Q: 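Could you have a look at this structure, given as structure tokens, before my questions?
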Amino acid sequence: MTPESHRAFRRKLLAWFDRAKRDLPWRTSRDPYRIWVSEVMLQQTTVAAVIPFYERFLVSFPNVHALAAADEQAVLNLWQGLGYYRRARHLHAAAKQLIHEQAGELPNDPSVWAALPGVGRYILGAVLSQAFDRRLPIVEANTLRVLSRLFGSRLDPREGAGKVWVWEAAETVLPHKRVGDFNQAMMELGALVCTPVAPNCELCPVRRECVANQFGLQAEIPPPAKKKVLTTAQETALLIQREGRVLLCQRPPTAERGAMLWEFPATAESVGMTVELGPELLTVQHGVTRFRIVLEASEAVWLRGEFASDFYTAGVWLTAEELASYPMSIPQGKLRAEWSKTSRQGRLW
DNA sequence: AAGACGGGGTT
DNA sequence: AACCCAGTCTT
């Protein structure tokens, strides 16, 4: 593209944005806090899904001080149903960090934002360009598609050299004024016109500048994402009820994953488990899986499973109140005995 | 570079 | 079931 066509592109796109943009709750303010919260919620999450959560969240936590002062559990409760709960933990931790290190200010300073948990290059650019009109690029699901088609790039913008290219391209097209609006306009175009399948090129304000449109390559650019290799993980979960409590299984806890719990509202016997309860040892057999549960304390019991593969599981006893307050929504009556995220294949007990 | 995030919604 | 979504972090 020539410098002239770059200018035409920016002008036409911004004019279209002024005309066609949706009224969204986070477009009513330049408050960096409100923009930040929206960007975190919008990660891998559709606009329609976010809106009610966003409005509720800001009523409870209207500013970074309110968020930092809240219990993590209160934050997670408001996040329940939105998914990717790590985002909420990071957001909360980052708010506390800003109180500590920046006296609660959300500055026009990329290095401060880059140091916050849960803030990557996208959120940094999105917040600073919208709140302060700072000249920083963004790349996300919409813009990588718009840019690839605009320049007719055959690279896969999601990885390797294509990823480098698309960030470069995002920087190249950036105007010097109205940077925040421009970044929003790129995403809005991707969401409303330059869609993944069957884009509305006849309605596109920048079709004259678009290489893909010129050559009719909209359907082939960007190339489809690499198919994920299917791997089947063998997992076995377990629940045992005793004295009004429920034993929930979890995968091996890691620093990142923490303790995610499963509920299983049935007795072991009802699902074909053999249970032997001794004074210090509980043995459970189900299929090829055998748990040996060491009873270490009356309030908490850890278990170790013996598997064909080399991972284990562990569990804790929870009260009904603790269970109810846990922020993860779990389908009642469903538990995956064998489960694979990538293949989404599982067998339900 | 690859995978988790035990997400959620649409087609 | 496949595909998509205003990504980030860990390994």
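Just so we're on the same page: letters track the sequence lines, and every chain starts at 1. Since the model is a prediction, treat every value here as computed from it, not as a measurement.
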Q: Rounding to an integer number of Å, can you tell me how far A/W79 CH2 sits from B/dC5 P?
A: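 Interatomic distance, CH2 of A/W79 to P of B/dC5: 18 Å.
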Q: C/dC9 C1' sits how many Å from A/R121 CZ, rounded?
A: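 Distance, rounded to whole Å: 17 Å.
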Q: Which residues within residues 31-49 of chain A lie with some heavy atom under 4.0 Å of an atom in DNA chain C?
A: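 When residues 31-49 of chain A is checked for heavy atoms under 4.0 Å from DNA chain C, the hits, listed by number, are A/E39, A/L42, A/Q43, A/Q44, A/T45, A/V47.
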Q: Which pairs count as side-chain hydrogen bond (donor to acceptor under 3.5 Å, both in side chains) when at least one residue sits in residues 159-175 of chain A, sequence neighbours excluded?
A: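 Those involving residues 159-175 of chain A do not exist here.
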Q: Just by modelled atom types, is the A/V179 backbone N or O under 3.5 Å from a matching donor or acceptor in the A/D133 side chain?
A: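 Between the backbone of A/V179 and the side chain of A/D133 there is a qualifying donor-acceptor contact (under 3.5 Å).
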Q: Answer with base, sugar-phosphate or nothing: what part of the nucleic acid does A/G190 contact at a heavy-atom distance below 4.0 Å?
A: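 If one applies the 4.0 Å heavy-atom cut-off, A/G190 turns out to touch nothing in the nucleic acid.
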Q: Could you note down all residue pairs passing ring pair (Phe, Tyr, Trp, His ring centres under 6.0 Å) where residues 189-210 of chain A supplies at least one of them, sequence neighbours left out?
A: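 Residue pairs passing ring pair (Phe, Tyr, Trp, His ring centres under 6.0 Å), neighbours aside: none found.
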Q: On DNA chain C, compare the nucleotides closest to A/L116 and A/W26; which residue's is nearer the 5' end?
A: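 The residue closer to the strand's 5' end, by nearest nucleotide, is A/W26.
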Q: Measure from CG on A/L24 to P on C/dA6 and round the result to the nearest Å.
A: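 Whole-Å distance recorded here is 11 Å.
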Q: Kindly say whether A/L189 contributes a backbone atom to a donor-acceptor pair with the side chain of A/N142 at under 3.5 angstrom?
A: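 The answer is no, because no donor-acceptor pair under 3.5 Å joins these two groups.
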Q: So is A/R87 actually on top of A/Y84's ring, under 6.0 Å and inside 45° of the axis?
A: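 Ring-cation test returns no.
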Q: Would you measure the distance from the C1' atom in C/dC5 across to the matching atom in B/dC5 and give it in whole Å?
A: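 Rounded to whole Å, the distance is 14 Å.
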Q: Nearest whole angstrom, please: distance from the P of B/dA2 to the CZ of A/R158.
A: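 These atoms are roughly 14 Å apart.
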Q: Just to verify, what does A/Y54 make a ring-ring contact (aromatic ring centres under 6.0 Å, His included) with, not counting sequence neighbours?
A: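 Only A/W26 meet the ring-ring contact (aromatic ring centres under 6.0 Å, His included) criterion with A/Y54.
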Q: Please give, in whole Å, the distance from C/dT10 P to A/H90 NE2?
A: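 Checked: the NE2 to P distance equals 6 Å.
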Q: For A/W16, which residues count as a ring-ring contact (aromatic ring centres under 6.0 Å, His included) partner, sequence neighbours excluded?
A: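 For A/W16 there are no ring-ring contact (aromatic ring centres under 6.0 Å, His included) partners, ignoring immediate neighbours.
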Q: Could you check how far CZ of A/R86 sits from P of B/dG3, rounded to whole Å?
A: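 Whole-Å distance recorded here is 15 Å.
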Q: So A/R87, base contact, sugar-phosphate only, or nothing? Heavy-atom distance under 4.0 Å.
A: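 Here A/R87 touches no strand at all.
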Q: What parts of residues 127-142 of chain A reach DNA chain C, counting only heavy atoms under 4.0 Å away?
A: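 A/E140, A/A141, A/N142, in order of number.
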Q: Send over the distance from A/L82 CG to B/dG9 P, rounded to a whole Å.
A: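 In whole Å, B/dG9 P and A/L82 CG are 9 Å from each other.
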Q: Test: side-chain hydrogen bond (donor to acceptor under 3.5 Å, both in side chains). Region: residues 179-191 of chain A. Which pairs qualify, not counting sequence neighbours?
A: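 Only A/R22-A/E188, A/R27-A/Q184, A/R27-A/E188, A/S129-A/N183, A/Q130-A/Q184, A/R178-A/D181 qualify under side-chain hydrogen bond (donor to acceptor under 3.5 Å, both in side chains).
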Q: Output the single nucleotide from B/dG7, C/dA6, B/dA2 whose closest atom is nearest the side chain of A/Y85.
A: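 Nearest to the side-chain atoms of A/Y85, counting from C-beta on, is B/dG7.
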Q: Taking the nucleotide of DNA chain C with the nearest heavy atom to each, does A/P117 or A/R27 sit closer to the 5' end?
A: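 First, find each residue's nearest nucleotide; the 5'-ward one identifies A/R27.
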Q: Which residues, if any, of residues 166-189 of chain A bring a heavy atom under 4.0 Å of DNA chain C?
A: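 Result for residues 166-189 of chain A: A/Q184, A/M187, sorted by number.
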Q: Mind checking salt bridge (charged side-chain N to carboxylate O under 4.0 Å, His left out) for A/R7 and listing every partner two or more places apart, or none if nothing turns up?
A: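 Counting only residues at least two positions away or on another chain, A/R7 forms a salt bridge (charged side-chain N to carboxylate O under 4.0 Å, His left out) with A/E4.
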Q: With sequence neighbours left out, what residues match A/E105 under side-chain contact (heavy atoms from CB on, under 4.5 Å)?
A: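 Per chain and number, A/E105 pairs via side-chain contact (heavy atoms from CB on, under 4.5 Å) with no residue.
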Q: Quick one: is B/dC5 close enough that its OP1 or OP2 comes under 4.0 Å of any side-chain N or O from A/R89?
A: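 Indeed not, no polar side-chain atom of A/R89 lies that close.
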Q: Which residues pass the ring-ring contact (aromatic ring centres under 6.0 Å, His included) test with A/F61, not counting sequence neighbours?
A: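 Expected list: A/F57.
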Q: Could you tell me the separation between the CZ atom of A/F53 and the P atom of B/dG9, rounded to a whole number of Å?
A: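 To the nearest whole Å, that distance equals 7 Å.
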Q: Enumerate the side-chain hydrogen bond (donor to acceptor under 3.5 Å, both in side chains) contacts for residues 109-123 of chain A, please, sequence neighbours excluded, ordered by first and then second residue.
A: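 Of all non-adjacent pairs touching residues 109-123 of chain A, those that pass side-chain hydrogen bond (donor to acceptor under 3.5 Å, both in side chains) are A/E39-A/Y122, A/D109-A/S111.
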